[in-house]
Amino acid sequence: MPGRWVEGAGLLLGPLLLAAGVLTRLGQDDFFPGQLAAYAADPARMAWSYALYAAGTVLLWPAVTALGRRIGPTGWARWGVTLVVLGLFGRVFHAGISHLAFQLVDVLGLEAAQRAVQGTYGAFHVFKATNVCIMGGWIVLAVAAYRARALSLVRCVALGLAAGLPLGVLKGSTDPFALAAIAGLIIALVPLGVTVLREGPAPRWWAVGLAVAFVPAAFLLGLSG
């Protein structure tokens, strides 16, 4: 579980969607006042940017599962997969807060939204405990992959670079370190995704059609409440 096709899609699309999300907001200030200002100036662009990034974050879950399966049942792998997945939960939580902050711009205006975010930015929430997982999980997983020879040394180092991806709410993630971290995920995971998808027979035509139809159907059902 969840299976070769879901895992392969996560390995292939997760890093690429992260990259697409970040590149869509390239050129904007990376901190929350600038991100909110960018949304006020071009809501569609920033909404798409954050949506792509959030989708990529979610798809890294089956990607990590697939890599953990390749590594094998070692202590390093168990800890690495667990820490990374917990970190992904934290990032999705941050994405939800960012989404709400953008809605404040629509409702209250830019300056009021910036004041509201500034006044609540350090508020306590239980997902603060995942910050260490966000930063350290990728390093532990990279060490596990290297010890098991599941990836080459270069790709293990590239995987560890993901620890440098900025965490928190309304982070633009377009600085050189963040771009290097995303490039590292692409180098480490996308080739493995291609390999995973090629390892077995092609899916049946009706299964492909069902999967393609499920996405817009689920989206429309979600909009209906």
Side-chain angles (χ1 to χ4, degrees), residues 1-4 6-19 21-22 30 53-98 124-169 171 173-197 199:
M1 298 293 288
R4 179 167 61 92
V6 175
E7 292 177 354
L11 287 161
L12 192 63
L13 296 178
L16 295 179
L17 286 174
L18 288 182
V22 168
D30 278 341
Y53 194 91
T57 298
V58 172
L59 285 176
L60 286 179
W61 155 65
V64 170
T65 301
L67 180 55
R69 195 190 314 282
R70 292 279 171 151
I71 296 170
T74 67
W76 281 92
R78 291 190 181 100
W79 274 106
V81 171
T82 300
L83 291 173
V84 170
V85 171
L86 287 174
L88 295 176
F89 279 125
R91 286 195 181 278
V92 172
F93 178 79
H94 296 154
I97 299 176
S98 298
F124 172 80
H125 55 77
V126 69
F127 283 96
K128 283 187 178 293
T130 65
N131 286 350
V132 66
C133 303
I134 294 173
M135 293 183 292
W138 293 108
I139 295 175
V140 175
L141 190 61
V143 172
Y146 175 72
R147 287 168 60 90
R149 300 298 187 266
L151 298 175
S152 68
L153 175 60
V154 171
R155 290 171 66 190
C156 288
V157 172
L159 184 66
L161 290 177
L165 196 61
L167 60 91
V169 176
K171 293 295 176 62
S173 303
T174 59
D175 62 89
F177 293 104
L179 295 177
I182 293 176
L185 281 174
I186 293 173
I187 292 169
L189 299 182
V190 169
L192 180 58
V194 174
T195 299
V196 169
L197 292 174
E199 283 182 338

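Source: prediction; values computed, not measured.
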With sequence neighbours left out, the residues meeting side chain to side chain contact (heavy atoms under 4.5 Å, CB included) with P166 are K171, S173, D175, A178

Can you tell me how far the [atom1] atom of [X] sits from the [atom2] atom of [Y], to the nearest 0.5 Å?
X: L197; Y: L192; atom1: CG; atom2: CG; result: 9.5 Å
X: L16; Y: L59; atom1: CG; atom2: CG; result: 10.5 Å
X: I182; Y: I187; atom1: CD1; atom2: CD1; result: 12.0 Å
X: C156; Y: L141; atom1: SG; atom2: CG; result: 9.0 Å

Would you mind reporting whether [Y] and [X] have side-chain heavy atoms less than 4.5 Å apart?
X: L11; Y: P191; result: no
X: W61; Y: V92; result: no
X: I134; Y: N131; result: yes
X: R70; Y: T195; result: yes
X: L88; Y: V58; result: no
X: L159; Y: L67; result: yes
X: W76; Y: I71; result: no

Nearest heavy-atom pair of [X] and [Y]: which atoms, and what distance?
X: A77; Y: A144; answer: N-CB, 3.6 Å
X: L165; Y: R91; answer: O-NH2, 2.9 Å
X: R155; Y: A188; answer: NH2-O, 2.9 Å
X: L83; Y: G137; answer: CB-CA, 3.6 Å
X: G160; Y: I139; answer: O-CG1, 4.1 Å
X: L167; Y: M135; answer: CD2-CG, 3.5 Å

Is it true that, when you exclude R147 itself, more than 12 heavy atoms of the residues, nucleotides or ligands shown sit nearer than 6.0 Å to its CZ? no

| field | Salt-bridge present (R69, E199; N to O < 4.0 Å) | value | no

Which of T65, L18, L17, L13 passes side-chain contact (heavy atoms from CB on, under 4.5 Å) with L60? It is L18

Quiz item: Between the main-chain N or O of K128 and the side-chain N or O of H125, is there a donor-acceptor pair closer than 3.5 Å?
Solution: yes

Q) Hey, what's the ring geometry for F127 with F93, parallel, tilted or perpendicular (30° and 60° as the breaks)? A) parallel

